[in-house]
Number of protein chains: 2
Amino acid sequence: MPKELSTAEYQALAELRYRIRKFLREGDTVASETGLEPQQYLLLLMIRGIPNGQEATVSNLAERLVLKHHSVVELIDRMEAHSYVRRSRSREDRRSVLVSLLPRGEKLLEQVAQHRVSELRASGAALANAIAALLKNGRAFHGRRISMARPRKGLEKRRG
Amino acid sequence: MPKELSTAEYQALAELRYRIRKFLREGDTVASETGLEPQQYLLLLMIRGIPNGQEATVSNLAERLVLKHHSVVELIDRMEAHSYVRRSRSREDRRSVLVSLLPRGEKLLEQVAQHRVSELRASGAALANAIAALLKNGRAFHGRRISMARPRKGLEKRRG
DNA sequence: TGCTAGTATATCGTGGCACGATATAAATAT
DNA sequence: ATATTTATATCGTGCCACGATATACTAGCA
């Protein structure tokens, strides 16, 4: 039976969530200033930033957004209504739908993403450090030291 | 006029959001297994994990959740309906409402938080490292090296 | 002491979001 | 040719978040 969590542990979990939340909501604020809902910006970003070797299909986007596929379908519906994206049926597999940005979506995405890149420089490192500091504090989590996983190499180097 | 963002930059932003999203949704899954909605778990956690020296008032909770105060009011309404929390009027300032956990809420929070602490050990460090790695790679953001805020100890070096 | 300004919470209408259940179409396996 | 699997789509439902607006309480000031 696991031990009861202490107040310090609850506070550490809460602080972690607060920092992540604050960081994400900064981006949401910028998105809403351009007329985009937070999830809409995220979908545009996931379409534009789909990993190499993948296509922006409903199922791939569902995976990247960590949502059930029909939630993505409905999100795309709403985006189509605003002319941010369009659907087209895949030639290779006619069950699949490819989602691509329309110029309006591309432009709005760029405005938000520009801002987000700037903010990442300002606060992204602080977020990473805050998370690492919270994890490092062994006392916050059962008083035992956490063994940090060794990070992999940078993204660009991974792909050959 | 800022330069156009490259595909690599979009991919880096998208990857960052994917990792954060994946991490958060792990917790959501555990929360929903206990019958809690994601935001409900978060509210319970913010009440229990309020920083020392603060009280769990609507305005303090709104700050910790990075929400408008009336969104917190409505969230508390829904939680009260489930007997997870209760409101009480502050003696010191009768405008303020103090929110506290009821036994049912406390129990559900503990179940989820226990699981989250375990998962933090497993994936929290990976998240921090992923964020740091994405930020560190200067090419992903305008090809210029980002000057990392100096962490107390280097992430990689901290623990072997 | 009374009035004004500021602060904290509450309510309502509205639209976005997410899911489970269910359905259809296409591809694959047998 | 049939059965199974996979991809997307639709609907009902409840949760979430905000702007606009309202009420109650506290603090400051003349």
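Every chain is numbered from 1, with letters handed out A, B, ... down the list of sequences. Values below: every heavy atom of this structure, side chains too, minus hydrogens, waters and symmetry copies.
One can place CD of A/E63 at 14 Å from C1' of D/dA7, the figure rounded to the nearest angstrom. In this structure, CD of A/E37 is placed 11 Å from P of D/dG19, rounded to the nearest angstrom. Distance B/L36 CG to D/dG14 P: 18 Å, rounded to the nearest Å. Residue A/D93 contributes atom CG, which lies 6 Å from atom P of C/dT28 at whole-angstrom precision. Separating the CD atom of B/E80 from the P atom of D/dC15 is a distance of 15 Å, rounded to the nearest angstrom. In this structure, A/Q39 atom CD and D/dA17 atom C1' are separated by 13 Å, rounded to whole Å. When the C1' atom of D/dT6 is taken as reference, atom CG of A/N60 falls 13 Å away, rounded to whole Å. Distance A/R89 CZ to D/dT8 P: 8 Å, rounded to the nearest Å.
In this structure, of D/dA9, C/dA18, C/dA26, it is D/dA9 that holds the atom nearest to the side chain of A/R87. Minimum atom distance to the side chain of A/R25 is reached by D/dC18, of the listed D/dC15, D/dC18, C/dT9. Out of C/dA10, D/dA9, C/dC17, the shortest distance to the side chain of A/V58 is found at D/dA9. When the nucleotides C/dG16, C/dG20, D/dA20 are ranked by their closest atom to the side chain of A/H70, C/dG20 comes out on top. Distance from the side chain of B/R94 is smallest for D/dC25 among the nucleotides D/dC25, D/dA7, C/dC19. When distances run from any side-chain atom of B/D77 to the nucleotides C/dA18, C/dA26, C/dT11, the shortest one goes to C/dT11. The side chain of A/K68 lies closest to C/dC19 when the candidates are C/dA18, D/dC16, C/dC19.
Of the N and O atoms on the side chains of B/R87 and B/S100, not one donor lies less than 3.5 Å from an acceptor on the other residue. In this structure, a donor-acceptor pair under 3.5 Å is absent between the side chains of A/S90 and A/R95.
Taking only distance into account, the side chain of A/E74 meets the base of D/dC11 through a donor-acceptor pair shorter than 3.5 Å.
Residue B/S59 is in sugar-phosphate contact alone, with no base atom involved, counting any heavy-atom pair closer than 4.0 Å across all strands shown. The residue A/S71 sits close to a base: some heavy atom pair falls under 4.0 Å. As judged by a 4.0 angstrom heavy-atom cut-off over every strand, B/V73 is placed among the base-contacting residues. Note on B/Q40: only backbone sugar-phosphate atoms sit closer than 4.0 angstrom, heavy atoms only; bases stay farther off.
The environment of CZ in A/R86 is sparse: at most 12 heavy-atom neighbours from other residues, nucleotides or ligands sit within 6.0 Å.
Looking at A/L61 and A/I50, their side chains come closer than 4.5 Å, going by heavy atoms from C-beta outward.
If you take CD on B/E37 and CG on B/L43, they are separated by 13.0 Å, rounding to the nearest 0.5 Å. From A/Q11, atom CD reaches atom CD of B/Q54 across 10.0 Å, with rounding to the nearest 0.5 Å.
Looking at which nucleotide of DNA chain C each of A/R95 and A/H69 is closest to, the 5′-most match is held by A/H69.
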